[in-house]
Amino acid sequence: QVQLVESGGGSVQAGGSLRLSCAASTYTHNYMGWFRQAPGKEREGVAAIDDTGKHTYYIDTVQGRFTISRDNAKNTVYLQMNSLKPEDTAMYYCAAASTLFPFVTSRAAQVERWGQGTQVTVSS
């Protein structure tokens, strides 16, 4: 069974940067990406990338600040997060799916593999 292992979360001040990594135990689904869930809120799709690395998706609130990339030789996906804001505070989960649909619609139930999550906290 494919395992997804995240790393790179932490605490930063507003305006700072963090880079999340998600290492898969083997090649996994066509699309990999990230969801996040803040306390009391629904889990939402944040960013995704296809297996060629050419096609990406971002939720509007992170467009221009976050960059997703993929290294297939390492079965690893990265999320570079710049200009972080307090509203970016959440648990971030790596996710894998056969289509982009779960990320765009935030339909977490249609994600096929999940990582364990890594906390990102942004202070003002």
Side-chain angles (χ1 to χ4, degrees):
Q1 185 171 350
V2 176
Q3 290 185 318
L4 305 179
V5 180
E6 300 111 330
S7 60
S11 297
V12 295
Q13 290 190 326
S17 298
L18 285 172
R19 188 175 83 153
L20 306 183
S21 299
C22 173
S25 54
T26 185
Y27 172 81
T28 183
H29 301 69
N30 293 343
Y31 286 89
M32 292 186 68
W34 300 85
F35 277 69
R36 67 185 179 186
Q37 187 167 21
K41 294 189 176 181
E42 296 287 323
R43 197 170 291 195
E44 65 177 357
V46 175
I49 188 167
D50 75 341
D51 56 358
T52 70
K54 295 180 180 179
H55 303 287
T56 57
Y57 160 79
Y58 299 96
I59 194 172
D60 287 348
T61 52
V62 308
Q63 185 78 38
R65 300 187 297 120
F66 290 12
T67 302
I68 191 169
S69 60
R70 183 168 184 163
D71 184 340
N72 285 339
K74 297 181 179 179
N75 294 322
T76 300
V77 174
Y78 304 96
L79 185 66
Q80 178 66 43
M81 305 185 295
N82 298 329
S83 302
L84 282 161
K85 302 176 180 181
E87 50 264 43
D88 294 317
T89 295
M91 185 71 79
Y92 283 70
Y93 296 92
C94 182
S98 298
T99 73
L100 187 58
F101 185 77
F103 299 97
V104 174
T105 60
S106 293
R107 299 239 179 130
Q110 298 194 3
V111 168
E112 295 164 54
R113 288 287 184 269
W114 288 104
Q116 80 283 1
T118 186
Q119 179 68 37
V120 172
T121 302
V122 185
S123 58
S124 58

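Position 1 is the first residue of the sequence; numbering continues from there.
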What pairs of residues pass the disulfide (SG to SG under 2.5 Å) test when at least one of them lies in [range], not counting sequence neighbours?
range	answer
residues 25-56	none
residues 33-80	none
residues 53-85	none
residues 4-67	Cys22-Cys94

[atom1]/[X] to [atom2]/[Y] distance, rounded to the nearest 0.5 angstrom?
X	Y	atom1	atom2	answer
Leu100	Asn30	CG	CG	10.5 Å
Leu79	Met32	CG	CE	12.0 Å
Leu84	Phe66	CG	CZ	5.0 Å
Asp88	Thr121	CG	OG1	11.0 Å

side-chain contact (heavy atoms from CB on, under 4.5 Å) involving [X] - partner list, sequence neighbours excluded:
X	result
Asn72	Arg70
Thr52	Asp50, Lys54, His55
Ser25	Val2, Gln3
Val120	Leu18, Leu20, Met81, Tyr92, Val122

task = Give a yes or no on whether the backbone of Ala96 and the side-chain of Arg113 come within a donor-acceptor separation of less than 3.5 Å.
result = no

Return all side-chain donor-acceptor pairs below 3.5 angstrom for residues 37-48, not counting sequence neighbours, or 'none' if the list is empty.
{"residue": "Gln37", "atom": "OE1", "partner": "Arg43", "partner atom": "NE", "Å": "3.1"}
{"residue": "Gln37", "atom": "OE1", "partner": "Arg43", "partner atom": "NH2", "Å": "3.3"}
{"residue": "Gln37", "atom": "NE2", "partner": "Lys41", "partner atom": "O", "Å": "3.1"}
{"residue": "Glu44", "atom": "OE2", "partner": "Arg36", "partner atom": "NE", "Å": "2.7"}
{"residue": "Glu44", "atom": "OE2", "partner": "Arg36", "partner atom": "NH2", "Å": "3.2"}

Side chain to side chain donor-acceptor pair (under 3.5 Å) contacts touching residues 10-21 (sequence neighbours left out) = Ser17-Asn82

request  = With sequence neighbours excluded, give me every side chain to side chain donor-acceptor pair (under 3.5 Å) pair touching residues 96-110.
outcome  = Ser98-Glu112

task = With the side chain counted from C-beta on, respond yes when Glu6 and Trp34 share a heavy-atom pair under 4.5 Å apart, and no when they do not.
result = yes

Within one Ile-Leu-Val-Met-Phe-Trp-Tyr cluster: [X] and [Y], side-chain cutoff 4.5 Å:
X	Y	result
Tyr93	Tyr78	no
Tyr31	Phe101	no
Val111	Val5	no

request  = Go through the structure and list residues passing ring-ring contact (aromatic ring centres under 6.0 Å, His included) with Phe35, not counting sequence neighbours.
outcome  = Phe103, Trp114

key: For Ala24 against Leu4, the heavy-atom pair lying closest together   = CB-CD2, 3.7 Å

